[in-house]
Colleague: 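One structure follows; several queries about it will come next.
All of these numbers come straight from a predicted model, not from anything done at the bench. Chain A is the first sequence line, chain B the second, and so forth, proteins listed ahead of strands; every chain is numbered from 1.
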Amino acid sequence: MIRESLKEIVDTCFAQGVSEGKWSDAAAGKYSLEVPKREGQGDFSTNMAMVMAGMEKKNPREIAGAVMELLAAEEKLIEKLEIAGPGFVNIFLKPQVWQEVLKPIRKAGESFGSSTVGNGKRVLVEFVSANPTGPLSIGHGRQAILGDAIARLLEITGHEVYREYYFNDAGRQMRVLGESTRARYLELQGLPFVFPEDGYQGEYIKNIAQALLDEQGDSLVGQEDVKPFTKKAVELIFADIAGTLEQMGVRFDNYYNEHTLYDNGHIDSVVSELREKGLVYEKDDAVWFKTTEFGQEQDRVIIKSSGEPTYRLPDIAYHREKFRRNFDWLVDVFGSDHIATVPDVLSGVEALGYDPKKVTVVLHQFVTLTRNGKLVKMSTRKATFITVDELLEEVGADVARFYFMMRKADSQLEFDLDLATKEEKDNPVYYVQYGHARLCSILRRAKEMGLDAEKTEEADLSLLVEAEELQLLKSIAAFPAAIETAALELAPHKAIFFLMELAGELHSYYNKHKVIDPENVPLAVTQARLCLVAGVQQVFRNGLLMLGLTAPEKM
RNA sequence: GGGCGGGUAGCUCAGCUGGAUAGAGUGUCGGCCUCCGAAGCCGAAGGCCGAGGGUUCGAAUCCCUCCUCGCCCA
């Protein structure tokens, strides 16, 4: 809010300089207004003079002087201006500007931080999309949390979000699953059995077999068809996955079965549409898609000589369905192992007449687990993985969520189980939550003493003059912008970092200054500080809740 | 062989659409509780930002080459 109004002022000055012939308008929109990294460099800083210097062939500091003169007219907001470094113009605002931010924050309450920048844009966020072959692994956990956090951030920034889970419960993978289940079913009854060579070895298969045995007795012993086994396995595994997701606080609006693409003829119609456009051809009994038309190195097979589609075809058909369902923006959250499919899908989308720019793929790197300082190897088939359930049991939903959101998607994420379990207290999630709980504690105490933090109107906010207080005010004022950035860049870790920084500032302030101390702190100051405390607490609460974390009032 | 993503403090990672003296957490060392919550704070030590070249007023950030790790494809 403050940043926006100051930006307008700076833009006005720039325009004024143009009309007065001080410089040309070549630099319009190229300069920026930033918050300096270092203290003592102002509340904001603009590089306008340096940008212009290159274009006008003039000394940057000289131009900075002219910029400063124009800005100096804004006496209401600006306290001090200075030229610094190579030609920055540093802007120091009056404390009052910051003190006043508390009022709108308190007024907005729970909605502070949310916005309407999304303008009701319809976004489909696809994530997890794990086939039902076993419990969710750690990698899926990261994706679930990442996708969920992205969806939440988009929602509170005014997008209309739809969460979808895409899966396939047919094909070879599923047949092996059924065969594995059948083998265990026979094994449980002491009958001879053949376990498939590449079968699923997890303990959960035995549980599924046991469930079948409990329900159907030995009636399936002579069963040649593997389908009943597959069906039961899929049913139970999905129930398990749904339970895990629920525990993590992740929900979906829809589970989209790949099979419906075949049933509804979408697969065939994609092929025929591409054929009409002359973008497919037959070679070696296979059907090829001319992906070279879309800048790729080589064409791709979409239907194998066996008549079976490759994974590309349903993926393309699925994305076309997303567009047909009238979404303005498709966000796909995938693991990095899906990297190869992305260019093909985008080519397909483009070939079918949709804008590939409306598809954003968030690829996240793998999660590596360490225990006792050693890497834990993971494989679903061999069941040597740690499931999300096990993780949740060990560290709880908040810690798991926080860890998964803490890193940008591009980074591999190392999950140190020893640290996450044994040394809970060092966990950054507690650092943030503790800040919130501390503030709640102060507010509780104030209430006991009959001091009401709600009466912002009456408090004299000009008493908030300590450096730490002004810093907190600046930080919470920047909260909506931080959330907006995290949302639009699909980067939840930015929201996390904002909260961690705010927590640091709060803890420092807490240790240095007292809010309630009748003997040493005047009542009026206490009241002003209570307003600040309530504002910061609100920001913590909103930030934690919008990321799906809890905001405990006591710990 | 090709594509994508990493390589920044002992460790885990931010910063990357170019800006001022490169940051945080953790670990190590040293301080701070007659208490508004020590799950906290303060201080110190710790860096050829993988290597080399280029672009410019300015490069961890952009371009090229190479090394290396991970994932995928052939």
Side-chain angles (χ1 to χ4, degrees), chain A residues 30-32 34 36-42 45-55 57-61 83-88 90 139 296-298 300 334-344 361 363-368 370 373 375 403 406-416 419-420 423-449 451 468 485 489 491 493-494 496-498 500-501 503-521 526 529-530 533 552-555:
Chain A
K30 299 204 168 149
Y31 57 87
S32 64
E34 289 164 3
K37 288 175 197 160
R38 209 160 283 277
E39 266 184 66
Q41 296 176 342
S45 172
T46 179
N47 62 350
M48 189 195 288
M50 281 137 72
V51 173
M52 284 194 278
M55 299 170 172
K57 302 283 178 209
K58 281 182 187 162
N59 182 335
R61 290 187 67 104
I83 303 171
F88 289 101
N90 292 343
Q296 292 201 49
E297 293 284 318
Q298 51 185 297
R300 303 286 183 185
F334 293 154
S336 62
D337 52 338
H338 280 67
I339 181 76
T341 81
V342 174
D344 299 335
V361 180
L363 280 168
H364 72 264
Q365 297 295 315
F366 278 1
V367 179
T368 53
T370 57
L375 202 67
Y403 264 73
M406 213 163 59
R407 306 296 179 217
K408 68 173 181 208
D410 284 340
S411 295
Q412 271 188 230
L413 188 156
E414 181 174 311
F415 209 116
D416 187 335
L419 200 96
E423 302 181 53
E424 282 192 348
K425 288 177 186 172
D426 293 326
N427 214 298
V429 63
Y430 294 109
Y431 186 71
V432 175
Q433 289 180 327
Y434 184 57
H436 177 260
R438 263 188 158 167
L439 296 173
C440 289
S441 173
I442 293 176
L443 294 171
R444 271 196 305 274
R445 188 171 176 120
K447 210 165 190 179
E448 282 166 20
M449 296 173 63
L451 294 170
E468 292 82 1
T485 303
E489 293 181 14
H493 76 279
K494 297 202 171 183
I496 292 284
F497 274 82
F498 174 89
M500 290 204 285
E501 263 174 47
E505 289 166 5
L506 182 267
H507 289 309
S508 292
Y509 175 58
Y510 182 92
N511 275 273
K512 197 163 174 187
H513 303 286
K514 289 209 173 177
V515 176
I516 301 169
D517 186 357
E519 289 177 17
N520 300 306
V521 179
T526 292
R529 289 180 178 176
L530 282 172
V533 163
E553 297 184 5
K554 289 181 184 174
M555 293 172 72

Colleague: So if I take every side-chain heavy atom of Arg444(A) and compare against A14(B), C41(B), G37(B), which nucleotide ends up nearest?
Modeller: G37(B)

Colleague: Looking for any heavy atom pair under 4.0 Å, which part of the strands does Phe366(A) touch: base, sugar-phosphate only, or nothing?
Modeller: sugar-phosphate

Colleague: For C71(B), does OP1 or OP2 lie under 4.0 Å from any side-chain N or O of Ser336(A)?
Modeller: no

Colleague: Need one value for Gln41(A): base, sugar-phosphate or nothing, where a base atom within 4.0 Å counts as base even if backbone is also close, heavy atoms only.
Modeller: base

Colleague: Distance check needed: A14(B) P versus Lys408(A) NZ, whole Å only.
Modeller: 5 Å

Colleague: Classify Lys512(A) by what it touches in the nucleic acid, base, sugar-phosphate, or nothing, heavy-atom distance under 4.0 Å.
Modeller: nothing

Colleague: Are Val521(A) and Ile516(A) side-chain neighbours, meaning at least one heavy-atom pair lies under 4.5 Å?
Modeller: no

Colleague: Check every strand shown and say whether His513(A) touches a base, only sugar-phosphate, or nothing at a heavy-atom separation below 4.0 Å.
Modeller: base

Colleague: Side chain of Ala340(A) only, heavy atoms from C-beta on: which candidate in G5(B), C73(B), G19(B) is closest?
Modeller: C73(B)

Colleague: Of the options G70(B), G37(B), G40(B), whose atoms approach the side-chain atoms of Asn511(A) most closely?
Modeller: G40(B)

Colleague: Determine the contact category for Ser441(A): base if any of its heavy atoms lies under 4.0 Å from a base atom, sugar-phosphate if only primed atoms, P, OP1 or OP2 are that close, otherwise nothing.
Modeller: base

Colleague: Can you tell which of C13(B), C42(B), G3(B) lies closest to the side chain of Ser508(A)?
Modeller: C42(B)

Colleague: Of all the nucleotides listed (C72(B), C36(B), G19(B)), which has the minimum atom distance to the side chain of Pro86(A)?
Modeller: G19(B)

Colleague: Counting only side-chain heavy atoms from C-beta out, which of C4(B), G40(B), C36(B) sits nearest to Lys514(A)?
Modeller: C36(B)

Colleague: Counting the atoms with a prime plus P, OP1 and OP2 as sugar-phosphate, which does Thr341(A) contact under 4.0 Å by heavy atoms, base, sugar-phosphate, or nothing?
Modeller: nothing

Colleague: Let me know the distance between CD of Gln296(A) and C1' of A74(B), rounded to the nearest Å.
Modeller: 14 Å

Colleague: Check every atom of C13(B), G37(B), G15(B) against the side chain of His493(A) and return the nucleotide holding the closest atom.
Modeller: G15(B)

Colleague: Give one of base, sugar-phosphate or nothing for Met50(A), where a contact means two heavy atoms less than 4.0 Å apart.
Modeller: base

Colleague: When rounded to the nearest Å, what value does the distance between C1' atoms of U8(B) and C48(B) take?
Modeller: 12 Å

Colleague: Distance alone, cut at 3.5 Å: any donor-acceptor contact between the side chains of His507(A) and Arg438(A)?
Modeller: yes

Colleague: Look at the rings of His493(A) and Phe497(A) and say which category their plane angle falls in: under 30° parallel, 30 to 60° tilted, over 60° perpendicular.
Modeller: perpendicular

Colleague: Would you say a side-chain N or O of Tyr431(A) is under 4.0 Å from OP1 or OP2 of C41(B)?
Modeller: yes

Colleague: Which is true for Asp344(A) with a 4.0 Å heavy-atom rule: it touches a base, it touches only sugar-phosphate, or it touches nothing?
Modeller: nothing

Colleague: Within this structure, what is the CD-to-C1' distance between Glu505(A) and C42(B), rounded to whole angstrom?
Modeller: 16 Å

Colleague: Using a heavy-atom cut-off of under 4.0 Å over every strand shown, decide if Leu363(A) touches base, sugar-phosphate, or nothing.
Modeller: nothing

Colleague: Answer yes or no for this row: Phe88(A) ring on A20(B) base, centroids under 5.5 Å, planes under 30°.
Modeller: yes

Colleague: From the set A60(B), U17(B), G6(B), return the single nucleotide nearest to any side-chain atom of Lys37(A).
Modeller: A60(B)

Colleague: Please name the pair of heavy atoms, one in Met500(A) and one in Pro428(A), separated by the smallest distance, quoted to 0.1 Å.
Modeller: SD-CB, 3.7 Å

Colleague: What about Ser411(A), does its side chain sit under 3.5 Å from the base of A14(B) through a donor-acceptor pair?
Modeller: no

Colleague: Measure the distance from CD on Glu297(A) to P on G2(B) and round it to the nearest whole Å.
Modeller: 10 Å

Colleague: Determine the contact category for Glu448(A): base if any of its heavy atoms lies under 4.0 Å from a base atom, sugar-phosphate if only primed atoms, P, OP1 or OP2 are that close, otherwise nothing.
Modeller: nothing

Colleague: When we call it a touch if two heavy atoms are under 4.0 Å apart, what does His338(A) touch: a base, just sugar-phosphate, or nothing?
Modeller: nothing

Colleague: Whole angstrom is fine here: how far is it from CZ in Arg438(A) over to P in C36(B)?
Modeller: 10 Å

Colleague: Ring-on-base stacking between Tyr510(A) and C36(B), under 5.5 Å between centres and under 30° between planes: is it there?
Modeller: yes

Colleague: Give a yes or no on whether the backbone of Gly504(A) and the side-chain of Ser508(A) come within a donor-acceptor separation of less than 3.5 Å.
Modeller: yes

Colleague: Looking at every strand, decide which applies to Ala409(A) at a 4.0 Å heavy-atom threshold: base, sugar-phosphate, or nothing.
Modeller: nothing

Colleague: Rounding to an integer number of Å, can you tell me how far Leu413(A) CG sits from U12(B) C1'?
Modeller: 9 Å

Colleague: Counting side-chain heavy atoms from CB outward, which of C13(B), G70(B), C41(B) is closest to Gln365(A)?
Modeller: G70(B)

Colleague: Closest to the Arg445(A) side chain: A14(B), G40(B), C36(B)?
Modeller: C36(B)

Colleague: Could you tell me whether the side chain of Asn47(A) has a donor or acceptor atom within less than 3.5 Å of a complementary atom in the base of A20(B)?
Modeller: no

Colleague: How is Asp517(A) classified with respect to the nucleic acid when contacts are heavy atoms under 4.0 Å: base, sugar-phosphate, or nothing?
Modeller: nothing

Colleague: Using the P atom on both, measure A39(B) against A14(B) and round to a whole Å.
Modeller: 28 Å

